[in-house]
Amino acid sequence: MSYKDRFIDSLGGFANTFNSLRYIMAIKASFITLMPVIIVGAFSVLISNMVMDPKNGLAHFESFAFLATLKPIMTSINYATLSFLTIGAVFLIGIELGKINGSRSLFPGLLAVICFISVTPTTLDMMVNGHMQEVKDVLAKQFSDTKSLFLGMFIAILSVEVYSRLESFDRLRIKMPESVPPNVSASFSALIPAIITVVLIATFGFVFHRLTGIYLYDAVYQVIQRPLESVMQSLPGILLLMFVAQLFWVIGIHGNQMIKPIREPLLLGAIMVNMTAFEQGKEVPNIITMPFWDVYMSIGGSGCTIGLLLAVLMATRRKEMKEIGKLSLGPSFFNINEPVIFGMPVMLNPILAIPFIITPLITGTVGYFATSLGFAGRAVVMVPWTTPPVINAWLSTAGSMGAVVTQLICIVIATVVYFPFVKVASRRAEQAQKEALQNQSAAVQRPV
């Protein structure tokens with residue numbers, strides 16, 4: 001076996017092991033379920049600021065001034081969705097991990113939320129009438145939005161694992177007579193494991209605070225989440241993550257699925273922060289967000305393959321390549337590129353794999369500098385990943401024409417990068433066809 005084959009096998013083995021981890025499966029499934037909630041909240045931000053805002057929106061014009069009175073509707077939707085994202089994630093991770101551990105009810109999700117709130121401070125010092133006062137029994141926004149996302153994921157996993165382990169002990173189950181309905185019997189069966197789990201998690205949070213003087217939220221955010229956010233907001237960090245995704249793609253493994261547990265909490269968290277700042281009229285802080293990934297680094301799908309399709313239509317006369325290009329162009333407008341990845345193919349193709357890996361790194365760099373220099377607007381709206389190019393650039397940045405122009409430049413760059421490799425792949429295919437015909441002719445002419 002060659003070094004190349006051993007490398008592909010080892011990478012494939014790692015991917016299979018990684019994807020089969022229970023926690024990874026639960027996190028990925030949870031964020032897939034959360035995506036519609038995020039998009040609903042995102043469009044409430046978009047409508048609030050581009051339609052109902054009396055200063056910058058449609059309501060600025062006298063004929064539409066009445067729309068400003070409806071803005072609280074969008075504000076309430078934004079609060080109900082984006083400001084409670086961590087609570088939703090904790091609930092869903094609890095449910096998904098509970099399913100994996102054999103639970104057939106939704107109770108593990110509810111238990112995860114209870115445990116999460118039990119380690120969260122609910123007493124705050126607030127300025128009231130010019131004096132600092134202690135306010136009890138409140139949940140600050142930072143504990144329900146994305147700033148607590150990593151703590152929520154950790155507590156959800158820990159609480160469900162403890163509960164599932166305790167539930168497996170027969171002595172801890174309260175057994176009811178057979179005449180009792182199954183749902184009632186299941187509730188009593190889970191009672192003792194649930195009580196022990198909540199007490200253990202709450203005690204853990206209490207002891208941690210007493211010993212260190214800080215809450216679990218501060219520890220997890222400062223030690224884990226904030227450093228990861230800093231890395232992901234740097235150009236090298238996002239390029240490295242993209243490189244890893246592309247590397248898995250070229251060996252036939254869905255790269256986005258591999259990096260989703262790392263990418264989603266960080267990049268979705270970044271766009272949530274931007275949306276909140278935009279809604280409140282504050283400066284938008286983050287350049288690299290989930291829409292940044294889609295707008296500049298996945299144009300037409302992973303690898304910016306819209307550039308590959310345009311290069312194929314211009315650079316080759318190979319009938320089979322043109323046919324695949326024409327068939328793949330339609331789905332590519334909605335950022336679906338499996339037909340070209342597996343049909344061209346890009347997978348395990350050393351010629352096309354090179355531009356497939358490097359193109360999004362180049363376009364991502366262009367998008368980053370265009371945004372950091374202020375030419376392109378920062379993303380402030382989470383749009384569906386299937387939104388066509390140009391439209392997604394315009395919508396996600398709330399109407400930045402600089403972002404649209406930057407994306408068009410990236411499409412041109414992608415086409416230029418793919419062009420010579422398509423030429424080489426075309427010549428190789430023609431040469432292989434000629435050799436096959438020559439061998440076939442020689443075989444026919446050879447005497448029996």
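The chain is numbered in sequence order, starting from 1. On a predicted model such as this, the values are computed, not experimentally measured, just so you know.
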Give a yes-or-no answer on whether the side chains of Trp293 and Ser298 include a donor-acceptor pair shorter than 3.5 Å.
yes

Regarding Asn256 and Ser302, is there a side-chain donor-to-acceptor distance under 3.5 Å anywhere?
yes

So, Glu161 and Arg22, do they make that salt bridge, N to O below 4.0 Å?
yes

Exam field: side chain Asn274 to backbone Asn286, donor-acceptor pair closer than 3.5 Å
yes

Side-chain heavy-atom pair Met232, Arg263 within 4.5 angstrom cut-off
no

Treating Ser44 as the side-chain partner and Gly41 as the backbone partner, does any N or O pair qualify as donor plus acceptor under 3.5 Å?
yes

Between Glu229 and Gln225, a side-chain donor and acceptor under 3.5 Å:
yes

Should Ile155 and Ser118 count as side-chain neighbours, where that means a heavy-atom distance under 4.5 Å?
no

Just verifying a value: how many Å separate Glu167 CD and Ile196 CD1, rounded to the nearest 0.5 Å?
11.5 Å

Audit row: Thr387, Asn392, side chain to side chain donor-acceptor pair (under 3.5 Å) steps and yes/no
CA-CA 5 Å; Thr387 306; Asn392 65 1; over 6 Å; no

Work out which heavy atom in Pro108 is nearest to a heavy atom in Ser105; give both atom names and the distance.
CD-O, 3.5 Å

Pair Phe107 + Tyr163: ring centers closer than 6.0 Å
yes

Are Asn78 and Met275 close enough that some pair of their side-chain heavy atoms sits under 4.5 Å apart?
no

Are the side chains of Val244 and Met258 in touch, meaning some heavy atoms are under 4.5 Å apart?
no

State, yes or no, whether a side-chain contact exists between Gln246 and Thr359 at a heavy-atom distance under 4.5 Å.
no

More than 12 non-hydrogen atoms from neighbouring residues, nucleotides or ligands closer than 6.0 Å to CD on Glu283, yes or no?
no

With under 30° as parallel and over 60° as perpendicular, where do the rings of Tyr221 and Tyr217 fit, or are they tilted in between?
parallel

Over 60° means perpendicular and under 30° means parallel, so tell me whether Trp249 and Phe356 are parallel, tilted or perpendicular.
perpendicular

Are the side chains of Tyr296 and Cys304 in contact, using a 4.5 Å heavy-atom criterion?
no

Proximity of Phe208 and Tyr215 rings by center, below 6.0 Å
no

Considering residues, nucleotides and ligands other than Phe206, do more than 12 of their heavy atoms fall under 6.0 Å from its CZ?
no

